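Structure first, then comments.
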Amino acid sequence: MASLLWGGDAGAAESERLNSHFSNLIHPRKNLRGIRSTTVPNVDGSNNTEEDDEDDVVDLAANSLLNKLIRQSLVESSHRVEVLQKDPSSPLYSVKTFEELRLKEELLKGIYAMGFNRPSKIQEMALPMMLAHPPQNLIAQSQSGTGKTAAFVLAMLSRVNTLELFPQCLCLAPTYELALQTGRVVERMGKFCVDVQVMYAIRGNHIPRGTDVTKQIIIGTPGTVLDWCFKRKLIDLTKIRVFVLDEADVMIDTQGFSDQSIRIQRALPSECQMLLFSATFEDSVWQFAERIIPDPNVIKLRKEELTLNNIRQYYVLCENRKDKYQALCNIYGGITIGQAIIFCQTRRNAKWLTVEMMQDGHQVSLLSGELTVDQRASIIQRFRDGKEKVLITTNVCARGIDVKQVTIVVNFDLPVNQAEEPDYETYLHRIGRTGRFGKKGLAFNMIEVDKLPLLMKIQDHFNSSIKQLDPEDMDEIEKIEY
Ligand SMILES: Nc1ncnc2c1ncn2[C@@H]1O[C@H](COP(=O)(O)OP(=O)(O)OP(=O)(O)O)[C@@H](O)[C@H]1O
């Protein structure tokens, strides 16, 4: 691919500007739904805002972007890929090598240049279907990091006719930043496909009316794509050959996006190949997928289950926050801790704890909801690199951070939902490990006396024992090993 071209005369400059901004993706807070604060965490605790007392809201699009930014490699799975064919009597192909796909030479070169040696588990099944003639529709679900984006980018690149200078592949993404991320993969994989070009239909990319759009791959958000197709007539949907709807679970979580996507899909020709991807598959995603993808094949790869089996869990009864901190210090002083993650329920608590620990000379970092995604990614990276030993955080990153060397998790506050009932799923996500990687771990719960019934419910729910620990009994603490 010659370059990542932007449309219009001012295009190159705009592309340049965005690309340079890209490395530090500053996301105005208003883009992160549900998070309204504009203050940056202030570890001296002086700048608390009202939001500090609220739970951090988990933002699906921001989390998805964070996952992409911090991902180091393919996420492997021990599960088999489940396939539901549109036509069960047709043979089911799977491939073990990229050569078997008979791709264009320059595309194969691009794949190898990305360091891919063989198809990932989901790609083994999905690629033959996606590249088949006649084209087949597909709904694919597998957890983030299993190779979905690489698969549909490969399908788009392989279907472009470079002699035709008009949009042929259309990919919808839930946010501007996620669209740019996909574009980056197109750029890398298509590095040797010099005549294939990409264009972004995202806010801020102003194309004059009547411009002849010659780029073959369009990646954009539903609102802007709709505008470009129907109002501004920049894209002729009847000429689209491949339609990709990425991150369907995030998409349906955004108001208006399902309807806009459906309007776009309805205007596509019947022979257009339609592909939908999602990391999760609740009923709502499934219903949407069935509405938007006609006659689909379905591929699913189950996620590794989290388990508490290898985790020794303790609790300490405390009077108040200060008391919890003292207990934490005793534990910290009594056992050798590699790296630890400490979860707090509110930003205010997380800030307070960070200040206390820093004042006591610990190397800690704070990860909470008011940070941009890019700032979050860099904090996680520093922690992974061992630059800080303790990461203090709120629910904002209960999921998705995979730091292998963390052996201790502390619930400074128990996870509870809005009804003040235990949030079992979050507890499991904070502490659990996949059975397959089965490393041992320790979990400590700091509990005010009135919260003890919640802990007991958690114990019953998981049918696992949570042992009481006396924080004054250093002999007992020192006996804990992991
Ligand atoms: N066949 C492969 N071999 C090695 N690495 C791969 C392969 N396919 C993808 N990867 C790499 O694995 C990581 C995850 O891939 P990809 O982004 O395609 O997954 P995904 O399922 O789309 O994740 P998400 O849902 O977060 O977008 C990326 O770093 C990608 O470059």
Side-chain angles (χ1 to χ4, degrees), residues 25 58-77 79 81-82 94-101 103 107-131 138-158 171-191 219 221 244-253 275-282 285 289 298-304 373 376-377 380-381 384 397 399-402:
L25 276 177
V58 178
D59 178 274
L60 289 183
N63 262 5
S64 174
L65 184 63
L66 183 62
N67 268 328
K68 284 178 198 265
L69 295 179
I70 62 175
R71 179 171 307 128
Q72 288 167 326
S73 58
L74 196 63
V75 173
E76 307 275 1
S77 165
H79 291 292
V81 175
E82 297 165 37
S94 86
V95 287
K96 292 283 177 206
T97 64
F98 287 111
E99 280 84 1
E100 290 169 67
L101 295 165
L103 300 165
L107 195 44
L108 204 54
K109 253 173 94 177
I111 291 168
Y112 288 136
M114 288 178 85
F116 299 1
N117 298 323
R118 66 189 74 80
S120 71
K121 216 154 190 168
I122 187 132
Q123 290 166 358
E124 285 181 2
M125 305 303 282
L127 286 173
M129 269 180 193
M130 290 161 82
L131 301 174
L138 175 70
I139 294 175
Q141 180 255 324
S142 68
Q143 87 180 86
S144 167
T146 45
K148 300 184 295 295
T149 307
F152 72 71
V153 165
L154 179 61
M156 291 200 296
L157 284 168
S158 72
C171 171
L172 298 185
T175 64
Y176 162 107
E177 293 83 7
L178 289 166
L180 288 177
Q181 281 287 354
T182 300
R184 285 200 144 186
V185 181
V186 177
E187 185 183 19
R188 286 181 66 203
M189 196 180 282
K191 191 169 152 197
I219 306 176
T221 48
V244 178
L245 201 141
D246 194 18
E247 312 239 12
D249 45 354
V250 185
M251 204 73 106
I252 61 163
D253 193 53
L275 310 168
L276 177 142
F277 298 85
S278 181
T280 60
F281 238 132
E282 296 95 47
V285 182
V298 178
I299 292 187
K300 285 186 188 181
L301 180 57
R302 268 192 296 142
K303 201 175 163 170
E304 298 291 332
V373 173
R376 292 180 210 180
I380 294 171
Q381 196 50 52
R384 268 187 177 154
C397 73
R399 294 151 199 217
I401 335 179
D402 175 25

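Owing to the predicted nature of the structure, the values given are computational and were not obtained by experimental measurement. Each ligand, and each atom within it, is numbered from 1 in the order the structure gives.
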CG-OG1 distance between L74 and T146, expressed to the nearest 0.5 angstrom:
7.5 Å
Polar proximity ligand 1 side, G145 side, N/O cut 3.5 Å exclusive
yes
For N67, is at least one N or O under 3.5 Å away from an N or O on ligand 1?
no
What distance separates L107 CG from K191 NZ, expressed to the nearest 0.5 Å?
13.5 Å
Is ligand 1 less than 4.0 angstrom away from at least one heavy atom of R118?
yes
Do any heavy atoms of T146 fall under 4.0 Å from ligand 1?
yes
Here's a test for you: under side-chain contact (heavy atoms from CB on, under 4.5 Å), which of K121, M125, Q143, Q141 qualifies with L301?
K121
Does even one non-hydrogen atom of F277 get within less than 4.0 Å of ligand 1?
no
Which value, rounded to the nearest 0.5 Å, describes the distance between L154 atom CG and L131 atom CG?
5.5 Å
Heteroatom proximity flag, G147 to ligand 1, N/O under 3.5 Å:
yes
When only distance counts, is N117 in polar contact with ligand 1, meaning an N/O pair under 3.5 Å?
no
At what distance, to the nearest 0.5 angstrom, does CE of M114 lie from CE of M189?
4.5 Å
Between F98 and ligand 1, find which residue part has any heavy-atom pair under 4.0 Å and reply side chain, backbone, both or neither.
side chain
side-chain contact (heavy atoms from CB on, under 4.5 Å) partner of F277, the single match among T149, L245, V244
V244
Please evaluate residues V75 and S77 with respect to the criterion side chain to side chain contact (heavy atoms under 4.5 Å, CB included), reporting the C-alpha separation (whole Å), side-chain torsions for both, the decisive distance (0.1 Å), and the verdict.
CA-CA 7 Å; V75 173; S77 165; over 6 Å; no
Does S120 reach ligand 1, in the sense of a heavy atom lying below 4.0 Å from it?
yes
At the 4.0 Å heavy-atom cut-off, does S64 count as touching ligand 1?
no
